[in-house]
Every structure is written in structure tokens, then in C-alpha cells.
Amino acid sequence: MSLITAPVTSATGSDIKVRFCPSPTGTPHVGLVRTALFNWAYARKTGGKFVFRIEDTDSARDSEESYHQIVEALRWLGMDWDEGIDVGGPNEPYRQSQRGEIYQEVVEKLKASGHIYESYLSAEEIEARNLANGRAPQLGYDNSERDLSEADRQRYIAEGRQPALRLRVPDQDITFTDLVRGEITFPAGSFPDFVVVRPGGQPLYTLVNPVDDALMGVTHVLRGEDLLSSTPRQIALYNAMYEAGIASFIPRFGHLPFVMGEGNKKLSKRNPESNLFLHRDRGFIPEGLLNYLALLGWSISADRDIFSLSELCENFDVANVNPNPARFDQKKADAINAAQIRLLDPSDFEARLIPYLQSAGVLGKQLSEREKEILSMSAPLIQERITVLSEAVGMLGFLFEELEQIHFEPEALSGLPENAGDIVRAAALALASLEDFTTDSIQAALSTALVDGLGEKPRNAFGPVRVAISGRRVTPPLFESMEILGKAEVLKRLEAFAQSH
RNA sequence: GGCCCCAUCGUUUAGCGGCCUAGGACGCUGCCCUCUCACGGCAGUAGCGCGGGUUCAAAUCCCGCUGGGGUCACCA
């Protein structure tokens, strides 16, 4: 009969240590990002430490590419870590694939203390035993090798078998207080002695995850809800490590709700909105994405949902995380991102636009003086008009393009009045004699010529002019855009349009 | 199937026994502002899954039901 004897961590303040420990399979997922975010925010809130380690113990599924993407993701999002990948720390190395010897030692100690034992039965044999004993096959292993005789052991070895190693689980209910869900109890016998090391010595996640948390001194484990049912197993392992002198406490656990996709399905990797880099490519800014993700399961107050990362860090507490699953809503995410974009310092906003304009081919690698000038004049005009940064390409493109490159959108053309040509001709005429080609005087001249002169409604008067210079229905404010383009270019575009209409 | 988790507007979230004829945000609708689109402003739309308790009083506590989800690997 074995029982839990290990104490739970007493850490409550700056002695708290959390970690983010993804396994590098596939491209970073927004659910993964939210888990990292809550861990990071909790560390920053409490003044504790945030550890970043990689769980690459499955060589069949892990990839170096994914590893680099995860590191890049955290860097881009600005979630810094105190210990771990690249930055190092007292518990190196931080990639499990490089910690084999450490696990070996732990396994030896656990064997010596009698907490883990050799198991020779194959999956087929276990199933056969269950069938033979009238036990439901899905119950799995029956712990029958707990006290294997030396004779049986020798016989298996003589057959050339290699043993897996299983943890002897405590014969009692296992209760813990989940940081987001409260007290949870798993009845004794909920799970059998489980494999922690494969035949041949390969340690499994079931072993290495708690081992590393224990060795690294992790006090608070905040992770996805999918790991909830493995928690009692981990507590059992912690207890074994405690009794073997490897761990000094059991951490506290907090299971974060899922991020769901359409329907009632967990947002899967197949789902495009799960892909972090797709959001980045569309022009989500870290502030916007993180703000939105934080809202999935948490809120800063009853009547506010736009907040900065530092406000998040000041106010975050796992205890306030909502336990129910949240759906990823692209529209709301877009709205939050748009709000965060508007909050950006104008020069910062301008700088962030450049990569998007470059990758779309609107700007080259090096900006000319003229291009810099256009950008700095036009960026402020679109800061409150776009939702994601990539929209700047369509909004600003015409300011950088030559007349011949301008693409006239069908929807812009189709919305034009019959007399569009006449209106544009009148506009050209009015502007040709304008000395001072600035926003105000342009507006005054066009109003006089088109609204007063031709008797057109403003909407009808300026629409054709807008399309003539930009090819688009939606642009930054018209008169400002004209000032940026300059008189010669504007007249050129108006005349070209007038000729074809 | 066993075990575990979850349950407030379409979505997200506030609510932790009386402040709730349930608040905010996104979405949607209408109006205002207006050179387009936005921004901003105003108004509207819509919710406590069901049934029992406990209580003077329940969205809030308890039980049951229903519904969803997760997990039961020599994956992580």
C-alpha cells in the first residue's frame, strides 16, 4: 500500500516558476500561443520566473523547422523568458533530446527506491489476460507484474525480452486543487501503473515532463485542459520522485480551457485561423493578437477589452481564468487588432507597414527618399482605416505606382455615374490653374468647380475623381492623397481618365 | 463504456445570494457625422439549458437530468 506523502509547493509570489514546454510538431498554433501567454503573464504578474523548454522526445514527429518557428513566434510576440532555450540557465540543457543522461539517473533512483518496476508483458498479452479474466479490455494493464518473481524475470530475459518500466501508482484517491477549476478528485484505480520508459530505455513524456518540471523547480503548471486527466498520474510520479529524493514538492496545476474552432471542435491545425504565422502575414500585430487571445478565457474588467501587454501583466491571475472553452472569433480578433493598430505611435505604425508593402512589391528593399516621404505622409491617413497591416498594400499602392501600373477595380468603375468623364475633366480644369496644391486649396477648388459649378452632390462629384487617381473605390482621404501625389501626377491621371471616359 | 471537465446574448466576457427589469465588447440593424472607407456618436437586436431543492431572497449554493468536450498508448 503506497500513499501520497509529498507536499504541494508553497510558492505564492516571486518564488513562483512557470514554464512553456511545447513539443516541436508543426507550425505554431494560437492555442499554443495563448498557453504561453498566460504562463508568461503569470510570471510577470507575480515577479516569478518563466522557463522555456522544448519537449522533443518523439523523433518521429518532431522537426527542427518547427522548433525554430516556435522560438521565432515567442520572439515576435515579445514574450521573453528568464531561463531556457538560447538564454540558458541553471538547468541546462533545455531540449529534452539532450537530457538523456539526466533521465537515466532519475530512472535508476526510481528503480532503486522501488517506485518503478520492470514490465515484460506486450500489449497483446495484456489484452489476452483481460479477456481471460473477464476484465474489460479498455481497462488496460492489470498491474500483474508488480511483484514479479525473480524466476519469471529470468524466464522473460531468456526469451530475449526487454522490459518497459512502469510506475507503481498509489492505491488511493488523488485530489488536487486546480487553479482554474477548484478541487478535483480522481478515484483510486482510475488508471493502472503506466509505462514511463520504453523497452530499450527510451524515456516517455509521462516521465520526462514531470522530471524536468521537478528538476527545474517549476511550481505552477498552467497547460491545456487536454492534460487534465493525466494530472493524477503526474502527481503519482512527483510523489515517487519526492520519496526518492529527486523532487521536493508537487506543483500546483491550472488547466486552461480549449480554444475552439467552428462547431464544437477544438481548433485544429487544419484550421487556417489556428496558424499564428497566417495571422502575422495578414497583418496582425503582436499587441492585437495577444490582446484577443487573452480575452479567450480571461478579462481585465467588466467594461473593457482593449488593453496593453503591461496592463495584462499587471492584472493577470490564473485564478480568474474562466474554465469554459472559448471559440476563436476572427471578426472580434480583427476588431481588437484594428483598435490596437489605432493605438500605435504613428511613427511605429509607419515602420511596421514597410515589410508588408515590400513583400507585396509596392516597395523595394531600399526606400527612395520620395518613397519615404510618401509613406510618412500617407501612413497617418490609414492608421484608423485598416484592420490588418496587409490592407495598407491596397490602400496606399496607388500612391507609389506609376500611372500605367494602376489597377482599376471593376467595382470602382461600375459604381461611377454616367457623367464621370465630364466631372473628371472639370476637376482637371479647376486644378490646372491651382498654384497652391495643398489639401485645403484642392478641396476648395474642387468644391467650387464640381459641387457649386456642376451642381453635383459631393458623393457624385468626388467619387469619379477618386477612382481616376487611384483606381479604387476605397482610399485614404482624397484631397490629402492628391497633395501627396502632387499636381503634375494628379493632372496626368485625371487627363488619362478623362480621355477614356 | 469508465473516469474527468464544462454550461450567461450568435460569439466572447462581467456576475462569485439581495446593487440584475443580467452589464461590456464583437457581430448585426437603424440614425448622425461625412469626399469614399473607416473612426467617432446615438439608438436598437439578443442570453442565465431543464428539473428539483436550500434561502425571506438564486444567474450566483446543493442534487439530478440533458447537452457538449476531454481522456483512457510502449504520442505529446
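In what follows, chains carry the letters A, B, and so on, assigned in the order in which the sequence lines appear, proteins first and then strands, with residues in each chain numbered from 1.
Within 4.0 Å of Leu478(A), counting heavy atoms only, lies at least one base atom of the nucleic acid. Arg473(A) comes within 4.0 angstrom of a base, heavy atoms only. When heavy atoms are screened at a 4.0 angstrom cut-off, Phe186(A) is found touching the sugar-phosphate backbone but no base atom. Among the atoms of the strands shown, only primed sugar atoms or phosphate atoms (P, OP1, OP2) are found under 4.0 Å from some heavy atom of Gly297(A). Note on Pro477(A): a base of the nucleic acid sits closer than 4.0 angstrom, heavy atoms only.
Distance CZ (Phe194(A)) to C1' (rA76(B)): 14 Å, rounded to an integer number of Å. Nucleotide rA76(B) holds its C1' atom 12 Å from the CD atom of Gln202(A), rounded to whole Å. Spacing between atom CG of Asn320(A) and atom C1' of rU13(B) amounts to 13 Å, rounded to whole angstrom units. Atom P of nucleotide rG27(B) and atom CG of Leu295(A) are separated by 14 Å, given to the nearest angstrom. Distance Arg34(A) CZ to rU13(B) P: 9 Å, rounded to the nearest Å. Remark: P of rC26(B) and CG of Asp305(A) are 7 Å apart, rounded to the nearest angstrom. Spacing between atom CD1 of Ile306(A) and atom P of rU12(B) amounts to 17 Å, rounded to whole angstrom units. Rounded to whole Å, atom C1' of rA76(B) lies 16 Å from atom CZ of Arg95(A).
Applying the Watson-Crick and G-U wobble criteria (two distances, each under 3.5 Å), rA57(B) pairs with nothing in any strand. For rC35(B), there is no paired nucleotide, since no Watson-Crick or G-U wobble pair has both relevant distances below 3.5 Å. Nucleotide rA7(B): paired with rU66(B) (Watson-Crick or G-U wobble, both distances less than 3.5 Å). Pairing for rA43(B) goes to rU29(B), judged as Watson-Crick or G-U wobble with the two contacts each under 3.5 Å.
One C1' atom belongs to rC61(B), the other to rU55(B), and the distance between them is 10 Å to the nearest Å. Distance check on atom C1': rC16(B) versus rA22(B) gives 14 Å, rounded to whole Å.
Listed candidates were rA7(B), rC26(B), rC35(B). Nearest to the side chain of Gln443(A) is rC35(B). Side chain of Ser299(A), nearest nucleotide from rA25(B), rU13(B), rG10(B): rU13(B). Closest to the side chain of Pro187(A), out of rC3(B), rC35(B), rU12(B), is rC3(B).
Ring-plane geometry between Trp298(A) and Phe316(A) is classed as tilted, the angle between the planes lying from 30 to 60 degrees on a 0 to 90 degree scale. The aromatic rings of Tyr292(A) and Phe328(A) sit perpendicular to each other, their planes meeting at more than 60°, with 30° as the lower class boundary.
Between Arg53(A) and Glu55(A), at least one side-chain nitrogen of the basic residue sits less than 4.0 Å from a carboxylate oxygen of the acidic one, meeting the salt-bridge criterion.
You'll find a donor-acceptor pair under 3.5 Å spanning the side chain of Arg466(A) and the base of rC35(B), going by distance alone. The base of rU36(B) sits within donor-acceptor range of the side chain of Arg385(A), with an N or O pair under 3.5 Å. Side chain Arg459(A) to base rC35(B): no donor-acceptor pair is found below 3.5 Å.
A donor atom on one side chain and an acceptor atom on the other are found under 3.5 Å apart for Ser119(A) and Arg166(A).
Each of Arg168(A), Arg233(A), Arg146(A) was checked for a salt bridge (Lys or Arg N to Asp or Glu O under 4.0 Å) with Asp193(A), and the lone residue meeting it is Arg146(A).
The 5' end of RNA chain B is approached more closely, in terms of each residue's nearest nucleotide, by Leu296(A) than by the other of Glu480(A) and Leu296(A).
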Please write out the pairs of protein N or O atoms and N or O atoms of nucleotides 69-74 of chain B separated by less than 3.5 Å, giving the distance to one decimal.
| from | atom 1 | to | atom 2 | distance (Å) |
| --- | --- | --- | --- | --- |
| rU71(B) | O4' | Ser229(A) | OG | 3.1 |
| rU71(B) | O2' | Ser229(A) | OG | 3.2 |
| rC74(B) | N4 | Leu121(A) | O | 3.1 |

| said: One pair to check against side chain to side chain contact (heavy atoms under 4.5 Å, CB included): Arg95(A) and Tyr67(A). What are the steps and the verdict? | reply: CA-CA 10 Å; Arg95(A) 291 185 71 168; Tyr67(A) 162 73; 3.5 Å; yes

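Closest non-hydrogen pair, Asn291(A) versus Ile306(A), comes out as OD1-CA, 3.5 Å.
One finds no side-chain N or O of Thr231(A) lying less than 4.0 angstrom from the OP1 or OP2 phosphate oxygen of rC4(B). At the phosphate of rG40(B), OP1 or OP2 sits under 4.0 Å from a side-chain N or O atom of Arg342(A). Within the 4.0 Å cut-off from OP1 or OP2 of rC37(B), not a single side-chain nitrogen or oxygen of Thr475(A) is found.
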